[in-house]
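Data block below; observations after.
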Amino acid sequence: MIQLTFPDNSVREFAKGTTGADVVGGISKSLQKKTLAMALNGELRDLSDPIEENASIEFINREDPRALELIRHDAAHVMAEAVQELWPGTQVTIGPVIENGFYYDFKRDVPFSTEDIAAIEKKMRQLIERNEKFTKEIWSRDQAKAHFAEQGEHYKVELIDAIPADQTVKIYRQGEWLDLCRGPHLVSTGQIGQAFKLMKVAGAYWRGDSNNEMLTRIYGTAWSNEADLKAYLHMLEEAEKRDHRKLGREMDLYHFQEEGPGVVFWHHKGWQLFQNLTNYMRRRLADDYQEVNAPQILDKSLWETSGHWEWYHENMFVTETEDHRVFAIKPMNCPGHVQIFKHGLKSYRDLPLRMAEFGAVSRYEPSGALHGLMRVRAFTQDDAHIFCTEDQLAAECHKINDLILSVYKDFGFEEIVVKLSTRPEKRVGSDAVWDHAEEVMTEVLKQIEENSGGRIKTGILEGEGAFYGPKFEYTLRDAIGREWQCGTTQVDFNLPERFGAFYVDSDGEKKQPVMVHRAICGSLERFLGILIENFAGHFPLWMAPQQFVVAAITSDADDYAKEVHAALKAAGLRGELDLRNEKINYKVREHSHAKVPAIIAVGKRESEERTVSIRRLGSRNQVSMTLDEAIASMCEEATAPDLR
RNA sequence: GCCGGUAUAGCUCAGAUGGUAGAGCACCUGACUUGUAAUCAGGGGGUCGCGGGUUCGAUCCCUGCUGCCGGCACCA
């Protein structure tokens with residue numbers, strides 16, 4: 001006999017080898033009908049699995065968040081069955097669950113069209129209606145390989161070869177169709193329900209490797225009920241509405257054009273936004289950093305010394321002059337900063353030396369990677385390099401951490417994840433140096449998590465470090481729950497050595513400094529893109545490129561409107577004057593669309609009373625106040641958080 | 001870079017079995033002096049992304065290129 005512990009802590013005895021289905025069936029038929037799977041000691045399992053040992057047991061119903069994983073996974077299986085039923089000979093490869101849904105990768109010579117997608121979805125709904133039971137079988141490796149080889153499923157054969165020797169080969173059947181799968185699954189296909197939708201078709205490399213063949217991937221989303229599906233689709237629509245490419249055009253912030261793929265033409269308002277950000281960042285650096293500006297174009301030899309040439313020269317904009325010298329437009333600021341550090345002898349008294357630059361860098365990014373402001377070929381990093389001693393290293397990492405978190409907080413981002421990226425395969429420097437750098441950073445990471453009282457989550461990204469050193473990656477979560485990796489702190493024992501940078505220590509000896517590369521926003525262009533989407537264009541007043549518009553209601557009020565406009569400008573606020581011969585309705589509508597934070601309407605009444613009527617963006621009402629009150633309250637609100 | 005899609009006025013889009021195009025908004029002009037999300041009337045505006053081919057004729061068909069969109073890969 002075995003003992004099973006139920007969620008209410010009751011314990012009951014069952015025969016060894018009894019299945020989850022037996023157990024739940026013994027409790028009630030209605031519970032059995034609602035049950036999709038079970039969790040044994042917290043691990044999701046097929047309801048049909050025999051239970052061999054004492055365990056805690058939970059039954060998973062549709063409302064359980066863990067059910068989604070099963071629903072999505074099974075939807076992927078059904079999609080694969082649908083595709084093979086519609087187009088026999090299509091090879092199936094892998095079909096995992098992803099955030100919000102699932103996909104399956106197929107090998108088919110003809111690409112899937114939009115109509116095909118509709119047909120697949122229809123077929124899937126039929127297959128789900130059939131409500132076939134999922135049954136699991138354990139096959140021998142040879143048997144499985146022979147079966148899939150005979151079916152022409154060469155990718156499946158490869159997958160079987162990759163299964164570790166200590167694991168069994170599991171096959172799940174749904175009616176006539178079967179697939180290699182580690183499970184677990186629902187009881188039957190009908191439990192998937194109909195709250196799913198196929199979303200898009202895309203190419204994807206086999207095993208995620210660009211050297212491999214390209215397969216066709218079909219993405220789907222699946223939910224436990226229609227309401228959740230609708231909510232998800234609605235969220236996607238909302239995300240589309242705040243797309244920075246759309247808002248950038250509507251708000252007249254910037255544009256791109258064909259002659260400059262991936263390079264931004266900043267318009268006046270966008271550039272104001274850009275400057276609001278750089279001005280803010282400059283204030284945050286003023287106490288501890290010295291701002292510099294390194295050359296835009298430098299001889300190839302410098303990039304060879306840094307190692308960038310070896311790894312990245314194909315991604316650099318390179319130019320050769322008439323005298324056959326090869327120059328690269330800087331893709332990074334670090335070699336330039338090292339040159340500034342090296343100019344003149346540095347003493348241990350100069351350390352830590354924190355050198356900052358709003359560095360304009362250019363990288364020849366792959367054409368397919370370009371995406372609005374998020375991925376461009378010329379951008380500005382809020383970059384800095386800290387030259388310090390090893391003893392100072394941990395403290396510097398913490399200082400950077402504090403600054404990053406504080407900056408993010410000023411923009412309203414409080415949910416932050418910090419991950420340590422460790423040594424990559426492509427790297428410079430000895431293993432001993434890497435061991436040491438990773439050791440220091442692991443300790444700092446631990447402290448960051450502890451010091452935050454658990455508010456900051458941390459993690460490890462194996463093999464994701466830069467070629468010269470390990471790094472912390474800072475990820476923030478925006479207003480609609482999306483995550484963006486922005487800040488980075490990179491510890492570098494290698495570049496100072498390669499460039500021969502040193503300082504004179506207290507004992508008169510030359511010593512090599514440690515270099516810490518760090519960025520807070522990362523790419524300012526991208527950070528602004530993130531802010532545009534986060535705020536959906538409704539910037540807080542201190543960031544808004546245009547803070548107000550004074551709109552005259554009738555031409556009688558023109559003089560007063562000019563006076564109000566001038567007074568607000570004199571108070572340091574940014575805004576325009578709208579004296580056009582249009583109705584106030586028209587002006588309100590237009591300025592609301594342009595997302596101007598405050599529409600200040602003045603008519604005959606206001607000019608007589610020396611008041612203003614302010615309508616704030618997003619509000620359907622307006623408030624009346626004196627001009628002085630308006631200036632005071634607007635100025636207060638327009639003060640950047642670091643100046644409050 | 002790879003797979004798929006796509007490109008018509010400033011924007012959003014319609015259109016013709018192949019006979020050189022149209023709407024709304026925007027813009028310009030005029031009238032209206034207006035009280036919180038579109039006042040009315042008139043007008044101008046397009047090498048239909050770029051190059052080559054087929055054709056009597058191509059914006060439409062074929063082909064190459066470029067940009068953009070969705071993914072994949074990449075992201076010092």
Side-chain angles (χ1 to χ4, degrees), chain A residues 103 105 110-114 116-117 199-219 243 245-246 249-250 252 255-262 303 306-316 330-335 361 363-372 374-377 379 381 424 426-428 464-469 471 485 488 490 492 495 517 522-523 526 551-558 580-593 599-606 613-617 619-624:
Chain A
Y103 67 77
D105 286 348
V110 200
F112 291 99
S113 67
T114 322
D116 292 343
I117 295 304
M199 304 298 285
K200 55 199 169 199
V201 193
Y205 297 107
W206 166 237
R207 303 200 142 172
D209 185 336
S210 58
N211 296 312
N212 289 342
E213 211 171 349
M214 182 152 278
L215 308 170
T216 304
R217 175 172 298 179
I218 303 177
Y219 284 95
D243 189 311
R245 293 167 298 184
K246 182 170 136 62
R249 193 168 44 239
E250 287 173 4
D252 192 21
H255 85 271
F256 288 95
Q257 66 188 46
E258 214 169 311
E259 293 83 351
W303 306 105
S306 70
H308 288 102
W309 190 266
E310 189 184 345
W311 304 125
Y312 292 108
H313 77 96
E314 283 179 352
N315 302 302
M316 289 163 77
K330 69 172 175 181
M332 287 286 284
N333 303 301
C334 28
V361 295
R363 300 175 180 180
Y364 184 68
E365 301 284 10
S367 58
L370 303 180
H371 181 93
M374 302 301 189
R375 191 78 181 271
V376 288
R377 285 183 174 155
F379 58 101
Q381 291 178 316
K426 280 178 11 177
R427 62 176 183 266
V428 295
E464 299 286 311
F467 71 84
Y468 45 71
K471 57 185 181 183
Q485 196 257 303
T488 181
Q490 313 180 350
D492 180 2
L495 286 192
H517 310 237
S523 152
R526 177 167 172 273
I553 294 168
T554 60
S555 52
D556 304 347
D558 281 5
R580 289 175 305 169
N581 179 14
E582 294 293 349
K583 290 196 167 181
I584 192 65
N585 286 305
Y586 179 91
K587 294 184 181 182
V588 165
R589 180 182 154 85
E590 189 178 274
H591 296 301
S592 297
H593 279 157
I599 298 170
I600 300 176
V602 295
K604 200 167 166 222
R605 194 160 66 229
E606 284 78 11
S613 165
I614 304 188
R615 180 185 173 118
R616 296 301 301 263
L617 183 59
S619 166
R620 295 233 150 237
N621 308 310
Q622 46 281 334
V623 259
S624 184

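A, B, ... follow the sequence lines: proteins, then strands. Residue 1 opens every chain.
- Between B:G1, B:G71, B:A76, one nucleotide has an atom nearer to the side chain of A:Tyr219 than all others, and that is B:G71.
- A straight line from CZ of A:Arg580 to C1' of B:C28 spans 14 Å, rounded to a whole angstrom.
- One can place CD of A:Glu310 at 12 Å from C1' of B:A76, the figure rounded to the nearest angstrom.
- Side-chain contact check for A:Arg363 versus A:Met332: some heavy-atom pair is nearer than 4.5 Å.
- Taking atom C1' on both B:G43 and B:G70, the two are 41 Å apart, rounded to the nearest angstrom.
- Nearest heavy atoms, A:Tyr219 versus A:Ala202: CE1-CB, 4.2 Å.
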Return the polar atom pairs (N/O with N/O) between nucleotides 59-68 of chain B and the protein under 3.5 Å, or none.
from, atom 1, to, atom 2, distance (Å)
B:U66, O2', A:Glu258, OE2, 3.0

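- To the nearest angstrom, P of B:G4 lies 13 Å from CG of A:Leu215.
- A gap of 8 Å separates the C1' atoms of B:A16 and B:C60, to the nearest Å.
- Residues A:Ser613 and A:Arg605 are not in side-chain contact: their nearest non-hydrogen atoms beyond the backbone lie 4.5 Å or more apart.
- With RNA chain B read from its 5' end, the first of the two nearest nucleotides for A:Cys334 and A:Met214 is the one closest to A:Met214.
- Between A:His313 and A:Trp309, the two ring planes are parallel [angle under 30°; tilted spans 30° to 60°].
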Any protein N or O atoms within reach of nucleotides 35-42 of chain B? Criterion: under 3.5 Å, listing atom names and distances.
from, atom 1, to, atom 2, distance (Å)
B:G35, O6, A:Lys604, N, 2.9
B:G35, O6, A:Arg605, N, 2.9
B:G35, N1, A:Glu606, OE1, 2.8
B:G35, N2, A:Arg605, NH2, 3.2
B:G35, N2, A:Glu606, OE1, 2.9
B:G35, N2, A:Glu606, OE2, 2.2
B:U36, O3', A:Arg615, NH1, 3.3
B:U36, O2', A:Arg615, NH1, 2.3
B:U36, O2', A:Gln622, OE1, 3.0
B:U36, O4, A:Ser613, OG, 2.4
B:A37, OP2, A:Arg615, NH1, 3.3
B:A37, OP2, A:Arg615, NH2, 3.4
B:A37, O4', A:Arg589, N, 3.4
B:A37, N7, A:Arg615, NH2, 3.1
B:A38, N9, A:Arg589, NE, 3.4
B:A38, N7, A:Arg589, NE, 3.3
B:A38, N7, A:Arg589, NH1, 3.0
B:A38, N7, A:Arg589, NH2, 2.9
B:A38, N6, A:Arg589, NH2, 2.5
B:A38, N1, A:Arg589, NH2, 3.3

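- Once rounded to the nearest 0.5 Å, the distance linking CE of A:Met374 with OG of A:Ser523 reads 9.5 Å.
- Using a 4.0 Å heavy-atom cutoff across all strands shown, A:Lys426 reaches no nucleic acid atom at all.
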Reading 5' to 3' and counting Watson-Crick or G-U wobble pairs with both distances under 3.5 Å, write the dot-bracket notation for RNA chain B, | for bases paired outside the strand. (((((((..((((.....[..)))).(((((.......))))).....(((((..]....))))))))))))....

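- Contacts of A:Pro331 with the nucleic acid, taken as non-hydrogen atoms under 4.0 Å apart, include base atoms.
- The shortest distance between side-chain heavy atoms of A:Glu590 and A:Arg580 falls below 4.5 Å.
- Salt bridge A:Asp243/A:Arg245: present, at least one basic N to carboxylate O contact under 4.0 Å.
- Applying the 3.5 Å distance criterion, the base of B:C75 shares a donor-acceptor pair with the side chain of A:Arg375.
- Atom name C1', nucleotides B:G18 and B:C11: the rounded distance is 30 Å, in whole Å.
- With sequence neighbours left out, the side chain to side chain donor-acceptor pair (under 3.5 Å) criterion links A:Gln622 to no other residue.
- The side chain to side chain donor-acceptor pair (under 3.5 Å) search around A:Arg377 returns none, not counting sequence neighbours.
- As judged by a 4.0 angstrom heavy-atom cut-off over every strand, A:Ala202 is placed among the base-contacting residues.
- What separates NZ of A:Lys330 from C1' of B:A76 is a distance of 14 Å, to the nearest Å.
- Distance check on atom P: B:U6 versus B:C61 gives 11 Å, rounded to whole Å.
- Rounded to whole Å, the distance from CG on A:Asn315 to P on B:G1 is 12 Å.
- The nearest whole Å value for the distance from the OH atom in A:Tyr312 to the C1' atom in B:A73 is 14 Å.
- The backbone N or O of A:Ala552 lies less than 3.5 Å from a partner atom in the side chain of A:Lys587, making a donor-acceptor pair.
- Rounded to whole angstrom, the span from the CG atom of A:Asp116 across to the P atom of B:G4 amounts to 14 Å.
- Distance noted for atom C1' between B:C50 and B:G67: 10 Å (whole Å).
- Residues A:Tyr468 and A:Ser306 fail the side-chain proximity criterion, which asks for heavy atoms closer than 4.5 Å.
- Within the 4.5 Å cutoff, the side chain of A:Ile599 has heavy atoms near those of the A:Ser592 side chain.
- The phosphate of B:C72 (OP1 or OP2) has no side-chain N or O of A:Tyr103 nearer than 4.0 angstrom.
- Seen from the ring of A:Phe467, A:Lys426 does not count as a face-on cation partner, given the 6.0 Å and 45° thresholds.
- At least one side-chain heavy atom of A:Cys334 sits less than 4.5 Å from a side-chain heavy atom of A:Leu495.
- If you take atom C1' in B:C40 and the same atom in B:U17, they sit 42 Å apart, rounded to whole Å.
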Between the protein and nucleotides 10-13 of chain B, which nitrogen or oxygen pairs are less than 3.5 angstrom apart?
from, atom 1, to, atom 2, distance (Å)
B:U12, OP1, A:Arg249, NH2, 3.2

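- One P atom belongs to B:A26, the other to B:G10, and the distance between them is 16 Å to the nearest Å.
- Under the 3.5 Å distance criterion, the side-chain polar atoms of A:Ser619 are left unmatched by any main-chain donor or acceptor of A:Arg615.
- Among the heavy atoms of the strands lying under 4.0 Å from A:Tyr468 are primed sugar atoms or P, OP1, OP2 only; no base atom is included.
- Between B:G49 and B:G57, the two C1' atoms lie 22 Å apart (nearest whole Å).
- Annotation: side chain of A:Tyr364 is not in contact with side chain of A:Glu314 (no heavy-atom distance under 4.5 Å).
- Contact annotation for A:Gly307: no contact, since no heavy-atom pair falls under 4.0 Å across all strands.
- In this entry the distance linking CD of A:Glu259 with P of B:C50 reads 12 Å, nearest Å.
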